[in-house]
Amino acid sequence: MIDIELIRKTPDIVRESLRKRNMGESALDEVIAADEEWRKTLTEINQMRKERNELAREIANSNERERLISETKEIADSIAKKESDLKTIEEKRFSLLSRIPNIILPSVPYGKSDDDNVEIKRWGTVKTLDFEPKDHVDIGLALDLFDIERAAKVSGARFFYLKGDAVFLELALVRYAFDALLKEGFVPVIPPVLTREFALFGTGFLPFGEENIYRIKGEDLCLVGTAEVPLGAMHSNEIFSHKELPKYYAGFSTCFRTEAGAHGKDTKGIFRVHQFDKIEMFKYCLPEESESEHEKLLQTAERLYQGLGIPYRVVEVCSGELGASAAKKYDIEAFLPGQKEYREVVSCSNCLDYQARRLMIRYRSKEGDIKFVHTLNSTAIAIERTMVAILENYQQEDGSVLVPKALQQFMGKERIDK
RNA sequence: GCGGGGAUGGCCCAGGUGGUAAGGCGACAGCCUGCUAAGCUGUUGGCGCUUUGCGCCGCGUGGGUUCAAAUCCCACUCCCCGCGCCA
């Protein structure tokens, strides 16, 4: 949620931001109109309430009770009518406002699609193999690390059974990530994966991503697509002391996504699936620190992939590809020898106060006033995608896969083979 | 699921026989004091407007009764205690 004051006082900033996102500006004009109507109606109601209150006060000790009571009743009736109007207007105003995406930061490159993302860094050397690299599907099936056919029988397309060493590879990745993040001050968390709708609304996944969400029939519960949802909503309606900030959480959870609209993309293997596991980082911080925290968060994510020895590049996501909540976003893309391409494994966003406003997460400043915090989130390790990167980057000519050094202690072996 | 208790401003807590939110703590500002103490005064929920001010709303949420609801009635949510069920 952006600040309505921003719309009232500097609508051009909002307009410019919508333009950069390649979205229509009519949404903004509708909010402005609804806000004006709301204020006008509220002022009228306040005037009527004032009259009613004055009369009600008189009644207590008056000898004209009869007359005053009937007069007050009349006013009360017209107030009730007006109030129901106000409620309608208020709902409209809120719903329109909540559909305005976050303001984007000035440094964000303009663009329409992934192609316009700007590469800002490359790390690691892409090894030249003296054999034709296989993709993760072939490697995994040959080593019996997952069973996709039977998952399709049981659950449908885009599901998988993880088997054998893949199970321990997941556990090793989890332990590796938590150990590293613990050292950087993150509080490890395993959050609920079913949350109420407000948590998805608050983090900005609703109303923008409705079609991507699994819902529990007959209950106010949804399966989360990322731990960002429960980690962000965790402190909803709370007020931090400025001394508690910044606050870092690392949440490990299963993630559920319908992947509506992704038909035909990455249909094979475990790269794009309806259910996967992920460790997500989430920060609450002071507004003046969010930009530096964002850089720091990216570095933390980078170090995790450096530790695994996976070559990657960092791109700054262009304006048209930003999610609703993000004011700025970096992606880390790992190099996949099987696809000969860099593919997204990490998404690292600064949401400013957008989520905090929707979730009512505030802090008491040194000066004593209460303000909204800023929130940031980033993937730490997306287990399945990272597993894909490991399998493809560490594959050997004989079909086996070396275990990255950093994971060996947790795997108890140096190589995955038949 | 059943029974009992509870939800009031940043925090703690009073009010409960209907008449329009008291007090404490903390925080901030000022005063005083030759110490970062103590004391004194003020401010300290949200919103709107014609903005040194005026007003409205606000006691978990949503309804109802009433001229008037923190207070009475109904429904719901969450928390605590006990019982039941249970991995």
Side-chain angles (χ1 to χ4, degrees), chain A residues 1-9 11 31-98 190-202 215-216 218-222 229-230 233-245 247 253-254 284-288 353 356-373:
Chain A
M1 190 85 59
I2 61 171
D3 189 353
I4 186 83
E5 286 294 309
L6 207 58
I7 288 176
R8 286 178 189 163
K9 288 180 181 156
V31 176
I32 291 171
D35 184 48
E36 275 167 11
E37 197 186 354
W38 176 80
R39 287 195 282 176
K40 180 170 155 269
T41 310
L42 183 64
T43 303
E44 285 168 16
I45 287 178
N46 280 347
Q47 182 55 36
M48 288 156 82
R49 281 171 174 163
K50 182 188 171 190
E51 287 172 35
R52 181 203 56 194
N53 290 347
E54 282 169 352
L55 287 172
R57 260 189 290 266
E58 272 181 57
I59 289 169
N61 33 24
S62 163
N63 43 18
E64 285 186 281
R65 293 176 63 95
E66 295 293 304
R67 187 180 64 81
L68 289 174
I69 287 175
S70 76
E71 201 173 322
T72 310
K73 265 184 176 164
E74 268 175 50
I75 297 179
D77 280 353
S78 33
I79 290 176
K81 245 181 245 162
K82 209 67 172 181
E83 277 176 343
S84 102
D85 290 351
L86 183 73
K87 199 173 172 186
T88 311
I89 297 164
E90 210 158 40
E91 277 163 12
K92 186 177 162 201
R93 169 178 173 266
F94 180 80
S95 142
L96 288 167
L97 181 62
S98 70
I190 296 181
V193 292
L194 283 166
T195 70
R196 298 193 165 148
E197 198 171 289
F198 89 89
L200 285 111
F201 174 86
R215 288 171 175 278
I216 303 297
E219 294 198 58
D220 178 20
L221 284 173
C222 308
V229 174
M234 185 158 62
H235 288 287
S236 56
N237 295 310
E238 292 183 23
I239 296 173
F240 288 105
S241 154
H242 64 89
K243 291 174 206 144
E244 296 174 83
L245 299 174
K247 202 156 186 102
S253 82
T254 301
Y284 298 89
C285 75
L286 299 173
E288 57 269 31
D353 63 1
R357 277 180 192 283
R358 294 175 156 238
L359 291 164
M360 284 299 282
I361 307 169
R362 295 166 295 171
Y363 73 99
R364 183 171 282 269
S365 74
K366 224 176 283 180
E367 292 72 35
D369 44 354
I370 292 172
K371 296 192 257 194
F372 289 104
V373 300

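A note on names: the letters A, B, ... follow the listed sequences, proteins ahead of strands, and every chain is numbered from 1. This structure is a prediction, so every number in the text was calculated from the model and none was measured.
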Looking at [N], which nucleotide sits across from it as a Watson-Crick or G-U wobble partner, both distances under 3.5 angstrom, or is there none?
N      : value
U71(B) : none
C40(B) : G30(B)
A7(B)  : U77(B)
G1(B)  : C83(B)
U20(B) : none

Heavy atoms under 4.0 Å, any strand shown: does [X] hit a base, just sugar-phosphate, or nothing?
X         : result
Lys82(A)  : nothing
Arg8(A)   : sugar-phosphate
Arg362(A) : nothing
Leu55(A)  : nothing
Arg67(A)  : nothing

Could you give the [atom1]-to-[atom2] distance, from [X] to [N], as a whole number of Å?
X         : N      : atom1 : atom2 : answer
Lys50(A)  : A68(B) : NZ    : C1'   : 18 Å
Arg49(A)  : C54(B) : CZ    : P     : 20 Å
Glu90(A)  : C56(B) : CD    : P     : 18 Å
Glu83(A)  : G48(B) : CD    : C1'   : 15 Å
Met360(A) : G45(B) : CE    : P     : 14 Å

Nearest to side-chain heavy atoms of [X], which nucleotide of [options]:
X         : options                : result
Arg196(A) : G63(B), G48(B), C78(B) : C78(B)
Thr43(A)  : G62(B), C49(B), C56(B) : C49(B)
Arg39(A)  : C49(B), G63(B), C78(B) : C49(B)

query = Does NZ or CZ of Arg358(A) fall inside the cone over Phe201(A)'s six-membered ring, less than 6.0 Å from its centre and within 45° of the axis?
reply = yes
key: Aromatic plane relationship, His235(A) with Tyr284(A) - under 30° parallel, 30 to 60° tilted, over 60° perpendicular   = perpendicular
message = What's the gap between C12(B) and A27(B) when it is taken at their C1' atoms, as a whole Å value?
response = 15 Å
What's touching nucleotides 18-21 of chain B from the protein side, N or O pairs under 3.5 Å?
residue : atom : partner  : partner atom : Å
G19(B)  : N2   : Ala56(A) : O            : 2.9

key: Any Arg52(A) side-chain N or O less than 4.0 Å from OP1/OP2 of G55(B)   = no
